[in-house]
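What follows is one structure encoded as structure tokens, with my remarks underneath.
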Amino acid sequence: MPVLDCSVRTCYYNKENSCCLDAIKVEGTTAEVSSATECSSFKEKTGESLTNGCCGSPSCKLSVDCMAEKCMFNSGHSCTAKHIDISGRNAHRSEDTECDSFEMR
């Protein structure tokens, strides 16, 4: 499982640059650059969740389902990278995020 760093501070599941989910999904079936990918697991913090966020424990290692077929780390829709960065400054929807670790085959 990759080590995940997530800088998407507006995501409900982000806690201390880690994720409270057990797994995330990266979309971008035809992506050839990182900006054409997105974290479809993103959920925007709103209302009460702006201060509370997720209630689970953050993890820096988790399973990453990868739909980016042209990424060199995609093996059977599973990410094989040792480290993955998800970014999305001021994201309001999953399309505002991206997998910065994407590398074209």
Can you give each donor-acceptor pair under 3.5 Å made by side-chain atoms of residues 64-73, sequence neighbours left out, with the distance rounded to 0.1 Å?
residue : atom : partner : partner atom : Å
K70     : NZ   : E32     : OE2          : 2.7

State which residue, out of T29, V26, I86, fulfils the side-chain contact (heavy atoms from CB on, under 4.5 Å) condition with T37.
V26
Is K43 close enough and on-axis enough to Y12, meaning under 6.0 Å and within 45°, for cation-pi?
yes
Which pair of heavy atoms, one from K45 and one from C11, lies closest together, and at what distance?
CE-O, 3.0 Å
Applying side chain to side chain contact (heavy atoms under 4.5 Å, CB included), name anything that partners A36, two or more places apart in sequence or on another chain.
A31, V33
Do V8 and I84 share a hydrophobic cluster, counting only Ile, Leu, Val, Met, Phe, Trp and Tyr and linking them when any side-chain heavy atoms are less than 4.5 Å apart?
yes
Has the side chain of T97 got a donor or acceptor atom that lies under 3.5 Å from a matching backbone atom of C39?
yes
As an exercise, state the distance from OH of Y13 to SG of C6, rounded to the nearest 0.5 Å.
12.5 Å
On a heavy-atom basis, which atom in L62 and which in D22 lie closest, and how many Å separate them?
CB-O, 3.3 Å
Connecting only ILVMFWY residues whose side-chain heavy atoms lie within less than 4.5 Å of each other, what is the rest of M1's hydrophobic cluster?
none
Give a yes or no on whether the backbone of K25 and the side-chain of S40 come within a donor-acceptor separation of less than 3.5 Å.
yes
How about C79 and P2: do any of their side-chain heavy atoms sit closer than 4.5 Å?
yes
Stepwise side-chain hydrogen bond (donor to acceptor under 3.5 Å, both in side chains) test for E38 and S94
CA-CA 6 Å; E38 67 183 74; S94 63; 2.7 Å; yes
Summary of side-chain hydrogen bond (donor to acceptor under 3.5 Å, both in side chains) pairs that have at least one residue in residues 78-89, sequence neighbours excluded
D5-H83, S87-D100
For S41, which residues count as a side chain to side chain donor-acceptor pair (under 3.5 Å) partner, sequence neighbours excluded?
none
Taking salt bridge (Lys or Arg N to Asp or Glu O under 4.0 Å) as the definition, give me every residue that meets it alongside R93, ordered by chain and number, with sequence neighbours left out.
E95, D96
State, to 0.1 Å, how close C19 and L4 come at their nearest heavy-atom pair, and which atoms those are.
CB-CD2, 3.5 Å
In terms of heavy-atom contacts, A91 and F42 come closest through O-CZ, 3.6 Å
